[in-house]
Number of protein chains: 2
Amino acid sequence: MHTRIEQLCLDKGMKMTEQRRVIARALSESTDHPDVEQVYQRASELDPRISIATVYRTVRLFEEANILERHDFGDGRARYEEAGHRDHHHHLINLRSGEVVEFESEELEALKRKIAVELGYKIVGERLELYGIPIDDGDEPKGAGQN
Amino acid sequence: MHTRIEQLCLDKGMKMTEQRRVIARALSESTDHPDVEQVYQRASELDPRISIATVYRTVRLFEEANILERHDFGDGRARYEEAGHRDHHHHLINLRSGEVVEFESEELEALKRKIAVELGYKIVGERLELYGIPIDDGDEPKGAGQN
DNA sequence: GTATGTGCAAATGATTTGCGTGCTT
DNA sequence: AAGCACGCAAATCATTTGCACATAC
């Protein structure tokens, strides 16, 4: 049995090396948004004979094949998640904990398209992230906030 | 007479060097979203005795003082624009020409807030960019966008 | 067997920083 | 005068790449 990602690679006729299999597995098993270093560590646990250069190359290959989606959450390194595996969604980054919350909104998708059309463009890519702090986190003692 | 940015610096009690004044001027005169290299070039034209290290330091200083807004349009370098100078807006990047189109939408702002509240967060930052191609531009984009 | 992938280390490119000197307050 | 600010070059950091060797098909 192989992973979803491995299957996609096979479908696309990629040459499947042990490294790619292992990286595919590491990614398929991830439910978060690991950066390359984390993918490297997870893959290394499955098979230590992997170099980080290969992880960079593979992650890039997968991204170009639309198997992975690359994100940039503002911390300077790229983060990845399996593409198309779930519904179209966006991310809200909890600035207190670093946690990434996924959300989706058909209303939002419609509005985006409407805005683009009004400007005379067809959307072919986008980036939408919200950065927030939990409400009732103790950050705003009483009514001191100035929303 | 000094620029809007220079005035802000003075208000904040910053030590005003000739370099800062010149960088402030270069930025105030810009209506686009220059990267550091461009700010450096524009500032150098006003006064050549400036090093790019100073531009990096100054642009960072201004950003931390909320005088500038930093953007990342996916080309690997940071781009800047004067903060709060105009209404809150977002960017649509024309992938054919690289042109950056600004847009705003109160509907979008409201929706963002609504989404955040439903998730239990208060938005303290965000990033929203659309990447598009002009409608009626002829052929399809090469990158096989499937967003 | 041949094209392609991999490991390693060196190269990049953007940005930051240590240090000695110069300028603002 | 004292403390930042500056210029320069070296240092970082994430990522890419050249090269010699290994491997999938």
Side-chain angles (χ1 to χ4, degrees), chain A residues 2 5-27 33-44 46-65 67-80, chain B residues 2 5-27 33-44 46-65 67-80:
Chain A
H2 38 232
I5 292 180
E6 194 182 343
Q7 185 59 56
L8 286 168
C9 292
L10 293 169
D11 294 347
K12 289 167 194 278
M14 287 180 187
K15 186 185 283 191
M16 286 314 283
T17 62
E18 177 61 13
Q19 286 87 334
R20 289 186 181 173
R21 236 184 302 279
V22 163
I23 292 169
R25 167 106 71 97
L27 287 164
H33 309 75
D35 59 32
V36 171
E37 186 65 42
Q38 291 173 307
V39 175
Y40 172 55
Q41 284 169 10
R42 293 174 195 181
S44 295
L46 300 174
D47 184 330
R49 52 172 175 166
I50 276 191
S51 79
I52 195 159
T54 295
V55 177
Y56 270 106
R57 276 189 276 238
T58 303
V59 124
R60 192 178 211 255
L61 174 76
F62 287 0
E63 191 208 338
E64 283 165 359
I67 290 172
L68 289 184
E69 243 177 75
R70 176 172 51 190
H71 297 294
D72 166 17
F73 293 158
D75 54 6
R77 52 227 137 103
R79 317 189 80 95
Y80 294 88
Chain B
H2 39 232
I5 292 180
E6 195 184 341
Q7 185 59 57
L8 286 169
C9 292
L10 292 171
D11 294 347
K12 290 169 195 278
M14 287 180 185
K15 187 185 282 190
M16 287 313 285
T17 63
E18 177 62 13
Q19 286 87 335
R20 288 187 182 172
R21 235 184 303 277
V22 163
I23 293 169
R25 167 109 69 99
L27 287 164
H33 308 75
D35 60 32
V36 171
E37 187 65 42
Q38 291 173 306
V39 174
Y40 172 55
Q41 285 169 9
R42 293 173 196 183
S44 295
L46 300 176
D47 185 331
R49 54 174 173 163
I50 276 191
S51 80
I52 195 160
T54 295
V55 178
Y56 271 106
R57 276 189 275 237
T58 304
V59 123
R60 192 179 212 254
L61 175 75
F62 287 179
E63 191 209 339
E64 284 165 0
I67 290 173
L68 289 184
E69 243 177 74
R70 175 172 53 191
H71 296 295
D72 166 17
F73 293 158
D75 53 7
R77 51 229 136 101
R79 318 189 80 94
Y80 294 87

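Chain letters run A, B, ... following the sequence lines, proteins first and then strands; every chain starts at 1.
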dT6(C) phosphate, OP1 or OP2: any side-chain N/O from Arg49(A) under 4.0 angstrom? no
dT6(C) OP1/OP2 closer than 4.0 Å to side-chain N/O of Thr17(A): yes
Between CD on residue Glu6(A) and CZ on residue Arg20(A), distance to nearest 0.5 Å: 12.0 Å
Nearest-Å distance for atom pair CG/P, residues Asp35(A) and dA14(D): 9 Å
In whole angstrom, give the distance that lies between atom CD of Glu63(B) and atom P of dA14(C). 18 Å
Would you indicate whether the side-chain heavy atoms of Arg49(A) and Glu18(A) approach each other to under 4.5 Å? yes
If you find the nucleotide of DNA chain C closest to Leu10(B) and the one closest to Ala78(B), which residue's nucleotide is nearer the 5' end? Ala78(B)
Ranking dA5(D), dA14(C), dA24(D) by distance to the side chain of Tyr56(B), first place goes to dA14(C)
Considering only dT6(C), dT15(C), dT15(D), which nucleotide approaches the side chain of Gln19(A) most closely? dT6(C)
Out of Asp35(A), Asp72(A), Val36(A), which one pairs with Arg77(A) under the side chain to side chain contact (heavy atoms under 4.5 Å, CB included) rule? Asp35(A)
Distance in angstrom units between Ile50(A) CD1 and dC8(C) C1', rounded: 15 Å
If I take atom CZ in residue Arg77(B) and atom C1' in nucleotide dT12(C), what distance separates them, rounded to the nearest angstrom? 14 Å
Can you name the nearest heavy-atom pair linking Ala43(A) to Val22(A), along with the distance? O-CG1, 3.3 Å
Which one, dG5(C), dT16(C), dC6(D), comes nearest to the side chain of Arg60(B)? dT16(C)
Please check if the side chain of Arg79(A) supplies one atom and the backbone of His33(A) the other of a donor-acceptor pair under 3.5 Å. yes
Rounded to the nearest angstrom, tell me the gap between atom CE in Met14(B) and atom C1' in dA5(D). 13 Å
Let me know, please, whether Ala53(B) or Arg21(B) comes out on the 5' side of the other along DNA chain C by nearest nucleotide. Ala53(B)
Rounded to whole Å, the OH-C1' distance (Tyr40(A) to dT6(C)) equals 13 Å
At under 4.0 Å between heavy atoms, what does Arg57(A) touch on the DNA or RNA strands: base, sugar-phosphate, or nothing? base
d(CD, Glu64(A); C1', dT15(D)) in whole Å: 13 Å
Minimum-distance nucleotide to Lys15(B) side chain [options: dT15(D), dT16(C), dC4(D)]: dC4(D)
Measure the distance from NZ on Lys12(A) to P on dA24(D) and round it to the nearest whole Å. 22 Å
Base, sugar-phosphate, or nothing for Ile52(B), non-hydrogen atoms under 4.0 angstrom? nothing
